Each structure stands twice: as structure tokens, then as C-alpha cells.
Amino acid sequence: MLNLTGKNALVTGIANNRSIAWGIAQQLHKAGANLGITYLPDERGKMEKKVAELVEPLNPSLFLPCNVQNDEQIQSTFETIRDQWGKLDILIHCLAFANKDDLTGDFSQISRSGFNTALEISTYSLAQLSGAAKPLMTEGGSIVTLTYLGGVRAVPNYNVMGVAKAGLEASVRYLAAEFGSHNIRVNAISAGPIRTLASSAVGGILDMIHHVEQVAPLRRTVTPLEVGNAAAFLCSDLSSGITGQVLYVDAGYEIMGM
Ligand code: NAD
């Protein structure tokens, strides 16, 4: 039985009701987990209000601002978890960013700052959050991040985000090797294309989705709730022997040659 009762789960990356992290949070809640939610704060507090309203039905016991480019916010997030929860069991890393201009055209024209921004937010943040989570995962734990096929194949326009995802998948392996002796597992889900705020920045995303609908064995794309089900599995004891892996939740698209 998939049961996350008694588990404390920190979920990052909810921006709206299309977010993959929203699908994950719903399924972790359904499985009984106690949720902490972080959001990316903005100056006017719009994101805080929007995400707070969305997640209210899941009764999160923590709701915290956490911009991964802000070391103080990261520190404060994990201090709050330590003080209020005592231990952490699950970390969902479900965030990424690249400038829209860097997600179209020629990869060779990427600027140094565009490259650094994408890699800092989308790749470095996994090691950073995992390092902060590790001392709190005193009873073992599960860390899950989100990647995409563009990290292992050249997908038109995905460009710098493909490099970021390649680094992210390598990070999963290094973190899994480092954390394994503490019974902390680290895995990635490689989701098929889904229309979200982040994916709408990728040039030609609708064409990608239509292509998957035609070619994938299941002849469709996947939903955030399906990704959420796989995340719940990876966070549960049902997957106790799995670490360092990339699990494709993509309606089978990855296996196809043409
Ligand atoms: P989304 O826009 O709903 O989520 C992206 C999140 O990243 C947002 O909540 C945003 O606030 C957060 N974020 C951006 N910069 C941040 C920062 N500096 N600090 C903290 N948070 C920050 O889009 P999504 O598609 O749900 O993306 C979630 C993850 O899933 C990403 O890693 C994305 O690459 C991955 N993914 C998406 C798809 C897809 O097709 N949508 C496919 C595979 C993988």
C-alpha cells in the first residue's frame, strides 16, 4: 500500500494549477503526507497570494518563500523545518528557469549570463537544497527532481535547458551515491511535455506536444497528476530499492526511434 502517513514533505515549484509540483503535492497529500510548500516570492506578493489560495485545501503546515537564488531564504526554510517539524522525509525539487530568449534559436549564441542563470536555478539548486535537507532527513528520506528528455537528446529550442537537465541528471547520480549510506534516496522523473508556465517559454512547445500525441506508444501526453503518482511512489517505501535513477513518465515516448 502506498502510504505516506507520518512523512513530512517539502514541495517546491508550485506557481499555479498547471504546475507539475501542484500535481505532485496533491498526490502526496492523498497518500497522507504532511506538506510544506515553498513559493517564489515577488515584490508585490502576488505569487504568495495565488499559491496560498491554491494549496489551502491540502492544509500545508508550512508555507514559506524560497527563491533558490537567495541563500538566506534557503537557510530560513530549512531552519523553520527543523524547528517546526524536527525531521524531513521528502524533498520535491520541481523548479527551473531560463530566459525565454535562450529557449529558441541557436544554442551556440547563448550568453554567459543566460547560461549561468539557467544552470544556477535549474541545476545547482538541487545540490543546494539537498545539502540543506540532508541533516534533517534523520530517518532516511527521498528526494525527487524533475527532468526532461532534452537532457539526453537534442530537442529543438530546448537548448541551454537541455544542458541544465543533463547536469541535473548527473547531480542525481552523485547525490544518490553520497546520500545512500544515510538511507536517503535521490531520483528524477523525466516527464513528457506538459503545458505549464515554464514550458510555454520553450519555442514550439505546442508542436512538441502534438508530436508526442502522434508518436508516443500511449498516443497522448501525460498529466501533472500522473507525474504526481510516480513521485508518490518514489517517495514511498514501495520504491525502497531504487536510487540514482531517471524514471520516464512520458507515455512511452522515450523508447521510440521514429
Ligand atoms: P512551472 O512554471 O509551473 O514551475 C516552475 C517553477 O519554478 C515555478 O513554480 C517557479 O516559481 C519556480 N522557480 C523559477 N525560478 C525559481 C527560483 N529562482 N527559485 C525558486 N523557484 C523558482 O512549470 P513546470 O513545467 O511545472 O516545471 C516544473 C519542473 O518540471 C521544472 O524543473 C521543469 O523543467 C520540469 N519539467 C517540465 C516539463 C513540461 O513539459 N512542463 C517536462 C519535463 C520536466
Side-chain angles (χ1 to χ4, degrees), residues 10-26 37-42 46-48 50-52 54-55 64-74 77 91-100 102-103 116-126 128-129 132 144-153 155 157-169 171-172 188-213 216 221-228 230-231 246-251 253-254:
L10 185 71
V11 179
T12 65
I14 300 178
N16 56 38
N17 64 2
R18 288 173 176 247
S19 294
I20 293 176
W22 171 235
I24 295 174
Q26 288 175 88
I37 305 285
T38 67
Y39 60 91
L40 176 62
D42 55 38
K46 275 170 84 175
M47 188 68 102
E48 177 180 4
K50 197 163 78 172
V51 179
L54 178 67
V55 302
L64 303 164
C66 187
N67 180 340
V68 296
Q69 290 186 295
N70 183 323
D71 289 340
E72 282 164 22
Q73 279 177 15
I74 293 180
T77 295
L91 170 65
I92 304 294
H93 175 273
C94 193
L95 58 95
F97 178 81
N99 296 313
K100 200 172 191 310
D102 296 331
L103 295 170
N116 288 345
T117 299
L119 274 280
E120 181 192 346
I121 297 178
S122 316
T123 309
Y124 173 64
S125 62
L126 176 65
Q128 198 182 17
L129 295 184
V144 175
T145 187
L146 266 291
T147 185
Y148 174 63
L149 185 63
V152 289
R153 310 252 179 90
V155 173
N157 298 316
Y158 203 62
N159 296 2
V160 69
M161 194 52 80
V163 177
K165 293 304 190 192
L168 186 75
E169 294 180 20
S171 302
V172 164
I189 292 173
S190 187
I194 298 172
R195 263 192 97 172
T196 62
L197 199 60
S199 73
S200 65
V202 180
I205 179 70
L206 288 182
D207 293 340
M208 279 162 72
I209 289 174
H210 290 145
H211 178 65
V212 168
E213 286 168 349
T221 54
V222 294
T223 66
L225 285 177
E226 287 180 303
V227 177
V246 177
L247 177 63
Y248 281 83
V249 180
D250 67 344
Y253 181 80
E254 185 263 345

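Residues: numbered from 1 along the sequence shown. Worth knowing before you read on, the calculation uses all heavy atoms, side chains too, and leaves out hydrogens, waters and symmetry mates. Indexing begins at 1, ligand by ligand and atom by atom, following the structure's order. Here the structure is a predicted model, which is why all the values come from computation and not from measurement.
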Ligand-residue contact atoms, ligand 1 with [X], heavy atoms, under 4.0 Å:
X    : answer
S199 : 39 (C), 40 (O), 41 (N)
C94  : 6 (C), 28 (C), 29 (C)
I14  : 9 (O)
A15  : 8 (C), 9 (O)
L146 : 29 (C), 30 (O), 32 (O), 35 (C)
L197 : 2 (O)

So, taking the atom named CG in L95 and the one named OG in S122, what distance separates them when rounded to the nearest 0.5 Å?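 So the CG of L95 and the OG of S122 are separated by 7.5 Å.
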Would you call R195 a ligand 1 contact, heavy-atom distance under 4.0 Å?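 Contact absent.
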Heavy-atom contact check, 4.0 Å cutoff: does G192 meet ligand 1?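 Yes, that is the case, since the closest heavy atom of the residue is under 4.0 Å from the ligand.
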If you measure every N/O of I20 against every N/O of ligand 1, is any gap under 3.5 Å?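 There is such a contact, yes.
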Ligand 1 and F97, any nitrogen or oxygen pair closer than 3.5 angstrom?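 Among all N and O atoms of F97, none is under 3.5 Å from an N or O of ligand 1.
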Report yes if some heavy atom in the side chain of F97 is under 4.5 Å from a heavy atom in the side chain of E120; otherwise report no.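 With C-beta onward as the side chain, the pair stays apart.
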Looking only at heavy atoms, is any part of T12 under 4.0 Å from ligand 1, and if so is it the side chain, the backbone, or both, or is it neither?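 Neither part.
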